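Treat the numbers as computed from the prediction; the structure is a model and nothing was measured.
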Amino acid sequence: MCGIVGYIGAREAQPILLAGLKRLEYRGYDSSGIALILPHKKNIGIRKAPGKISVLEKLVKSKPLCGMAGIAHTRWATHGAPTQANAHPHHDCAGQIAVVHNGIIENHEALKNQLIKEGHIFRSQTDTEVIVHLIEKFYKNIPLEKAVALALKLLVGSFAIGVISVNEPNKLVGARLGSPLIVGVGKGENFLASDVPAVLGFTKEIVFLDENEIVVLEKDHFKISSLGGKAIFKAATHINWDVDQAEKSGFAHFMLKEINEQPGILKNLINSRLEKKTGKIFFQEQNIPESKLKDIKNIFIVACGTAYHAGMVAKYVLESVCHVPAQIDVSSEFRYRDLLIGPETLVIAISQSGETADTLAGIREAKRHGCTVISICNVLGSTLTRESDGIIYIHAGPEIGVASTKAYTAQLTALYLFAFYLARIKGVLSGARINKLLTELCKVPEYQAQILKQQKPIAALARKHSHLGSFLYLGRNVNYPSALEGALKLKEISYIPAEGYAAGEMKHGPIALIDEYRAVVCITPSSKVYEKMVSNIQEIRSRKGKIIAIATAGDREIKELTREVIYIPKIEEIFSPLLVVLPLQLMAYHIAVKRGCDVDQPRNLAKSVTVE
């Protein structure tokens, strides 16, 4: 949610800041702005506007800003509508300080009322503006970073901020609590950003800030300290992502590119974790001793959105192959429950970004109960990975499309591997059975590639049904989560109402919805519940529902029930979610394109939800 970019160095800051903002567009936003210290005028120049970054670009083209230090922001509205006044950056009464902010200030009303009494003038409806006025209040004969620290100690909520002041033009200050912030280390220049892609075009040396840390950037060096002033040394992490990975590479949208990247990502993930000759699974960053995992009595999975659906599949898999009771909760509910967990509980947290606010709060609650926490994550050095006992990186590369695709299947693959790893440790599954399952898992990338060769007929089928007013997705057992994920994808990017249901629940309510104006997507691969799904399809057919089936290649019976069938290669039932999800993703994508929707940046959504 929102995006921050900061720069200080020897180059003109404006084009660098705008380039950084463009690389953060995937996070979701509704306005943008830029502020530069103008050294010759000894003031701060600000340009901001509601709408896309292209609007801001036109504004700065007609009214350019020249300076070598500045901050920029994309805003996703929380307090106040997306207007020019509410867009970031915000400045103090004298126009000498500017601030950009991600997060929410929960006590902003009380602070604002007090500041107004003291004579401060507010120009926006945002919670952010209290920050810059607090800094102004304390910024009397002390360094900027000390004024920032004093201001932040009064805030309740979450924040990542960037601050500049004309009084110290060679300095850029950043700080974080609850929202991500990184430092990009360059030569004769340094960067501040809310996410790595913003600076990848300029440096791959990244320092990740932790909670309650403040950083002071100058062009030739930086220093990090606690809000209390204690110096902190941190080494930079080298990022292996290539900037080209964050480009469309000839695809019409990032989402389509990322759907097509999945076979390669899964192949690399499996090859990097599995020694095929011996069947041994390696997790280099998984620092939990095997003896501790062997004693685990129950598992709790916490995640949000698409990651939650990956966790739902994992629940079936873990119980099946590890013989350990597994539960799952959306992170926002988990943290408020009266939890019956403790030292014998393993908590698996799943988050693409590693900055999901509710998931972070959930693992902190779990650790207070003495649980062991392992995270499944894509972003190196993210907060989740730093606060977990063990980490399994999915190495999916930057996922730019807001609707998750490749991260979902990479999360699933990592979870399958972990389940087999745990089963071997606990001795509940024979080595021969585990090796057979691993052999089947290794076939998934090639099977996915075969499905992707069917993109034209899938696109045609999607366009044919794009006019329908709603969709129902049905699945059973391990593919019930697939139904939920298919419905979520369609809702996210096409704005068509869609529901995912366990097919056995159809007669308990959803059957009332079925008519000729609704499509019903039935996930019906070869499985132990196949006949049950066929019965569901027959019930839908008798009520004139428009049936789209996803079935196993060679299934003739399904062809008798509906003409609209997407076939997937035959695979063991346990792995079928890794295949059926590709047609679901492609259908959602092509329906959204046909309807003229903004596929990569759906309205009202943000890529990384860093506030509760």
If we only count heavy atoms from C-beta on, is the [X] to [Y] side-chain gap below 4.5 Å?
X    : Y    : value
L438 : I434 : yes
N477 : S527 : no
V373 : E387 : no
V324 : L346 : no
I574 : Y416 : yes
T356 : L384 : no
L441 : F575 : yes
R75  : T128 : no

Practice item. Could you name each residue pair satisfying salt bridge (charged side-chain N to carboxylate O under 4.0 Å, His left out) that touches residues 475-491, not counting sequence neighbours? Key: E485-K489, K489-E492
Practice item. Apply side-chain contact (heavy atoms from CB on, under 4.5 Å) to E505 and list each qualifying residue two or more places apart in sequence or on a separate chain. Key: Y501, A502, H508
Exercise for review: Name all residues meeting the side-chain contact (heavy atoms from CB on, under 4.5 Å) criterion together with N268; count only those two or more places apart in sequence or in a different chain, and write none if there are none.
Suggested key: none
Considering all heavy atoms of both residues, which atom of [X] and which atom of [Y] are nearest to each other, and what is their separation?
X    : Y    : result
S351 : Q411 : C-NE2, 4.0 Å
K426 : L293 : NZ-O, 3.7 Å
A403 : I493 : CB-CG2, 3.7 Å
L269 : A414 : CD2-N, 4.0 Å
H309 : P481 : O-CB, 3.7 Å
C304 : D358 : SG-CB, 4.1 Å

Counterpart residues, ring pair (Phe, Tyr, Trp, His ring centres under 6.0 Å), relative to [X] (two or more places apart):
X    : result
Y316 : none
F420 : none
H88  : H73, H90

Practice item. Consider only side-chain N and O atoms of Q262 and T405, and report whether a donor and an acceptor are under 3.5 Å apart. Key: no
**Study point:** Polar side chain donor-acceptor pair, E355 to T383, under 3.5 angstrom
**Key:** yes
Rounded distance [0.5 Å steps], [atom1] in [X] versus [atom2] in [Y]:
X    : Y    : atom1 : atom2 : answer
C442 : L266 : SG    : CG    : 10.5 Å
S353 : D195 : OG    : CG    : 8.0 Å
T372 : K292 : OG1   : NZ    : 3.5 Å
I259 : L452 : CD1   : CG    : 8.5 Å
I104 : F159 : CD1   : CZ    : 13.5 Å
L256 : D600 : CG    : CG    : 9.5 Å

Review point. So with a 6.0 Å cut-off around NZ of K297, is the heavy-atom count from everything else above 12?
Key: yes
Review point. Near K267 NZ, under 6.0 Å, is it more than 12 heavy atoms from other residues, nucleotides or ligands?
Key: no
Practice item. Step by step, work out the side-chain contact (heavy atoms from CB on, under 4.5 Å) result for F283 and I288. Key: CA-CA 10 Å; F283 294 118; I288 304 168; over 6 Å; no
Practice item. With side-chain contact (heavy atoms from CB on, under 4.5 Å) as the test, would you mind laying out the steps for E205 and V199 before giving the verdict? Key: CA-CA 9 Å; E205 302 303 314; V199 301; over 6 Å; no
Practice item. For R273, check salt bridge (Lys or Arg N to Asp or Glu O under 4.0 Å) against everything at least two apart and list the hits. Key: E285
Which residues satisfy the side-chain hydrogen bond (donor to acceptor under 3.5 Å, both in side chains) test with [X], sequence neighbours excluded?
X    : result
K315 : E319
D295 : none
E572 : R433
N260 : Q455

Check your understanding: So L415 and I348, side-chain contact (heavy atoms from CB on, under 4.5 Å) or not? Walk me through it.
Key -> CA-CA 9 Å; L415 288 160; I348 301 176; 4.0 Å; yes
**Study point:** Residue pair E446, K443: steps toward the salt bridge (charged side-chain N to carboxylate O under 4.0 Å, His left out) verdict
**Key:** CA-CA 6 Å; E446 174 56 32; K443 297 175 183 176; over 6 Å; no
Exam field: side chain [X] to backbone [Y], donor-acceptor pair closer than 3.5 Å:
X    : Y    : answer
S331 : A303 : yes
N212 : L177 : no
K406 : P398 : yes
E213 : D210 : yes
K234 : F208 : yes
D127 : I105 : yes
T74  : G3   : yes
S375 : C377 : no
T409 : L578 : no
S320 : V317 : no

Study note, to complete from the structure: side-chain hydrogen bond (donor to acceptor under 3.5 Å, both in side chains) with S404: of Q585, E399, Q352, only one passes, and it is E399
Which pairs would a plain distance check flag for residues 337-344, meaning a side-chain donor or acceptor within less than 3.5 Å of a matching protein atom at least two apart in sequence or in another chain?
from : atom 1 : to   : atom 2 : distance (Å)
R337 : NH1    : D329 : OD2    : 2.7

Check your understanding: Do the rings of F191 and F202 sit parallel, tilted or perpendicular, given the 30° and 60° boundaries?
Key -> parallel
**Study point:** Audit row: I214, V173, side-chain contact (heavy atoms from CB on, under 4.5 Å) steps and yes/no
**Key:** CA-CA 7 Å; I214 189 166; V173 177; 3.9 Å; yes
